[in-house]
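Here's the structure, in structure tokens; my notes come after.
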Amino acid sequence: MEVCQTIAGIREYVRRARERGAVGLVPTMGYFHEGHLTLMREAAKVCPTVVVSIFVNPLQFGPTEDFRDYPRDSERDLALARETGVHAVFMPDTAEMYPLSPALYVEVERMDTVLCGRSRPGHFRGVATVVAKLFNIVRPDSAVFGQKDAQQLQIIRRMVRDLNFDLEVRAVPTVRDSDGLALSSRNIYLNAEQRVAATVLFRSLETARRAIQSGERSRPAIEKIMVETISAEPLAELDYASVYRLPDLEPVDSLDGELILAVAARFGKARLIDNITMRIPG
Ligand code: PAF
């Protein structure tokens, strides 16, 4: 497995690798768990060469967020990537990615004003900007993202369309622990009690799903079910529990078509998110 710290290095690697066929990119911020490895395996299904980027992107963290504390363990990450069959890891430092303070960004319209965008202003601009840079650096044929970060996934899909990136975006379902908790690098912040409490996120989504399956068609009623479930957990500090229409995260009046049910809450220092999608016949 090749490890490249420079843009010139990964470009040269990809130039040679392209002779073998398609190149798949898995953009990550490292601190791998099974969810990341699933993305890498998905890329390997469709591309003979898999490149993984590891970069904790300062642009997507707010001034009071956990950029400095974000968990990092590059040695372990490299060992896991190697075991998973990754061909190259692109691991730039901040100076390599941002030699100058940026004068241009990828601005996200409207899709970043809902869900996580409300409590994380500028976050999706930071994500879209770094992902656009990674696409331009690696020029992958496919890029793989997790469904857990559903808003990020939809914004990236839209960016690829709006800015004509010549690649396919593939999504991989959320990987969960046996009790339903979605895997996340930030789960490391949870103590034992918070870890148990955090399962309330998936429970709230499952309760809402069952209500819809039993015929409930009022959006406020579904949001109330999720809010009440999460609020009943004393260690959870609710951020949002909302329903939006896919793919463009538009507000929902009637519960039909392709929808996302999404929740976010804080458990101590950890801000966790989760979602499910549902197709409801009209
Ligand atoms: O999902 C992540 O890990 C990050 O937001 C991403 C896509 C690697 C951009 O920094």
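Side-chain atoms are counted along with the backbone in the values below, which use heavy atoms only and exclude waters and symmetry mates. As the structure lists them, so they are numbered: ligands from 1, and atoms in each ligand from 1. Numbering of residues begins at 1 and proceeds along the displayed sequence. None of the values given here were measured: they were computed from a predicted structure.
If you number the atoms of ligand 1 from 1 as listed, the ones under 4.0 Å from a heavy atom of Gln60 come out as 4 (C), 5 (O), 9 (C), 10 (O). Using a 4.0 Å cut-off to heavy atoms of Thr28, the atoms of ligand 1 that qualify are 8 (C). Close approach of ligand 1 to Val130 (heavy-atom distance below 4.0 Å) involves ligand atoms 9 (C), 10 (O). Taking a cut-off of under 4.0 Å to the non-hydrogen atoms of Pro27, the atoms of ligand 1 that pass are 8 (C).
For Gln152, a nitrogen or oxygen atom sits less than 3.5 Å from a nitrogen or oxygen atom of ligand 1, counting backbone and side chain alike. At a 3.5 angstrom cut-off on N or O pairs, Asn57 does not count as close to ligand 1.
For the 3.5 Å distance criterion, the side chains of Asp179 and Thr199 fail to qualify, holding no donor opposite an acceptor.
Taking the six-membered ring where tryptophan is involved, the planes of Tyr70 and Phe61 are perpendicular, since the angle between them exceeds 60° and thus also 30°.
Two residues are said to be in side-chain contact when any heavy atoms from C-beta on lie closer than 4.5 Å; Phe267 and Leu201 meet this criterion. Inter-residue side-chain proximity for Arg271 and Arg186 is flagged as unmet; no heavy-atom pair is nearer than 4.5 Å.
A cation-pi arrangement is not found for Arg170 relative to Phe145, the charged atom failing to lie both closer than 6.0 Å to the ring centre and inside a 45° cone about the ring normal.
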